[in-house]
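A short worksheet on the structure shown next.
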Number of protein chains: 2
Amino acid sequence: MVLSNAKGSIPLYMQIKELLVARVTEGEWAPGDIIPSEMQLSRELNVSQGTVRKAITELVENNVLVRRQGRGTFVATHDVDRALFHFFHICNDSGTKTLPESKTLSCRKKRASRQEASKLNLSNGAQVVYIERTRNLDNTPTIIETIILPNSLFVDLGKRQVRNLPNTLYELYETQFGITIHRAEEQLRAVAATENDASLLSLEAGTPLLKIERIAYTLDGTPVELRISRCSTSRHYYQNTVL
Amino acid sequence: MVLSNAKGSIPLYMQIKELLVARVTEGEWAPGDIIPSEMQLSRELNVSQGTVRKAITELVENNVLVRRQGRGTFVATHDVDRALFHFFHICNDSGTKTLPESKTLSCRKKRASRQEASKLNLSNGAQVVYIERTRNLDNTPTIIETIILPNSLFVDLGKRQVRNLPNTLYELYETQFGITIHRAEEQLRAVAATENDASLLSLEAGTPLLKIERIAYTLDGTPVELRISRCSTSRHYYQNTVL
DNA sequence: TAGTTTAACTCTTATATAAGTCTTTAAATG
DNA sequence: CATTTAAAGACTTATATAAGAGTTAAACTA
């Protein structure tokens, strides 16, 4: 890639931003890696340190990179904190947020339904990994989750780890499959608990549940996970901050 | 206020940020006003334009100010777009978001309940304005809203506008009462429709509804509105983007 | 081993130049 | 002569570069 500072061209710092993103998405720099210093990059690209800095600043705001003063700049990773603060929104009534324990019920391969395929941008009838689990909050089963993944990206996940899945899946995606979740869209509705829901959460059928349908995307915009959660909100709620 | 650039002190640009925020919260600059140019401010404060610029940049990211190249920098206002994009999260099934029409059912003064008072940081039994309304989406009643405001901040709102309230309340707060909503916390649960809910939304009692409890804050962190919405999610959903 | 230095970073501030917007003014047009 | 058009100028924010200060962790020393 060649940078251009001609008259009508895109600003230098934006071109640098693209270039840095490319190096992350293409795996040249993996999550957790330190990237070259601002000075090194500025020399390599023949621009000033401040210009590199502006590009990096915006990527830090997008949660792509992380800066540590005196140490360097790193590619963001999916540690537990990030999972908890960015992607998990259920609090208990006293307002505290804890990562729930998970009990995997099943993990198998199947063909995607028409809807699932469309939401994950797959061709009709493509193979998907299908995971069902319940999650405990404050020692009571509170959430039922159905997770649907393109089998092409998560090869052998169905076979290998049948009921041995870790609690924080996004860390697994990143470390085992090189897939980093960058953003997600969530659609929330209120639904009635089915008989099955009711028995899993030990409450009565028809009880209102909060249904969260999440599609998670990588940095380059590919949808890679469809996750449907049904939560009992008798002692918990979904927390959202509007800025 | 005096700026300090001594050794252990807070960075200049942050001090400037505080100063600019103060001028907005204290009403020296009102929403919609243009603020002095970066050069004017830099001369007034004896720093360089770039330092003022960094302070302003962060305030633009916080939705406090708005920049327009070639024109100037303005205090952010609560236009319809902002209300829709930042504070309204209900979409219809095809994914489009429209501002609902509102029908005010009642608007009166009462004493805050213990819970209401605590959520709005009021003393026990303080006076509040209590508004009830239904909102239509795609020509069907979809949302029931209860809005609770401290009477001390919204004097005579109860009397004056009994059933003549505009659709976008946040614009009213800003223009009539000088109160700008800056951020909000929302808590979502699934609940069963009461008989009253059911008749207002013409569905059956017990139907699951999405209950949204929002507390809205001004720039200086004062809670100024408690809003409880109950939404039918048969044809609509709550949309949240996780970054 | 505890304290000190040092090198490699990022962070802050300053300055210069580019680019966008609006107003004024004067020429061109009917 | 009245009206439109276009160019010039005086603003504004946007981008790029440079220099020095603050932080951190590891190497070095007593």
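Each chain gets a letter, A, B and so on, in the order the sequences are listed, and its residues count up from 1. None of the values given here were measured: they were computed from a predicted structure.
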Could you pull out every donor-acceptor pair under 3.5 Å between side chains of residues 23-30 of chain A and any protein atom, sequence neighbours left out?
{"residue": "A:R23", "atom": "NH2", "partner": "A:E44", "partner atom": "OE2", "Å": "2.8"}
{"residue": "A:T25", "atom": "OG1", "partner": "A:V21", "partner atom": "O", "Å": "3.2"}
{"residue": "A:T25", "atom": "OG1", "partner": "A:A22", "partner atom": "O", "Å": "3.1"}

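Remark: A:H182 engages no residue in a ring-ring contact (aromatic ring centres under 6.0 Å, His included) (not counting sequence neighbours). With sequence neighbours left out, the ring-ring contact (aromatic ring centres under 6.0 Å, His included) criterion links A:Y170 to A:H78, A:F87, A:Y173. Scored by the salt bridge (charged side-chain N to carboxylate O under 4.0 Å, His left out) test, B:E101 finds no partners at all (sequence neighbours excluded). Residues satisfying the ring-ring contact (aromatic ring centres under 6.0 Å, His included) test with A:Y13, not counting sequence neighbours, are none. With sequence neighbours excluded, the residues forming a side-chain contact (heavy atoms from CB on, under 4.5 Å) with B:M39 are B:S37, B:S42, B:R43, B:Q49, listed by chain and number. Applying the ring-ring contact (aromatic ring centres under 6.0 Å, His included) rule to B:H89 yields the partners B:Y238; only residues at least two apart in sequence or on another chain are considered.
Listed by residue number, A:R67, A:R68, A:Q69, A:G70, A:G72 are the residues of residues 57-72 of chain A with a heavy-atom contact under 4.0 Å to DNA chain C. Residues from residues 28-49 of chain A that place a heavy atom under 4.0 Å from any atom of DNA chain D, listed by number: A:V47, A:S48, A:Q49. Within residues 73-80 of chain A, no residue is approached by DNA chain D to less than 4.0 Å at the level of any non-hydrogen atom.
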For this session: If a protein heavy atom is under 4.0 Å from the base, mark B; if only from the sugar-phosphate, S; if neither, -; do that for nucleotides 5-10 of chain D going 5' to 3'.
Result: ------
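Within the structure, the salt bridge (charged side-chain N to carboxylate O under 4.0 Å, His left out) test picks out no pair touching residues 68-83 of chain A (sequence neighbours left out).
Annotation for A:K17: atom NZ counts as buried by contact number, over 12 foreign heavy atoms lying within 6.0 Å.
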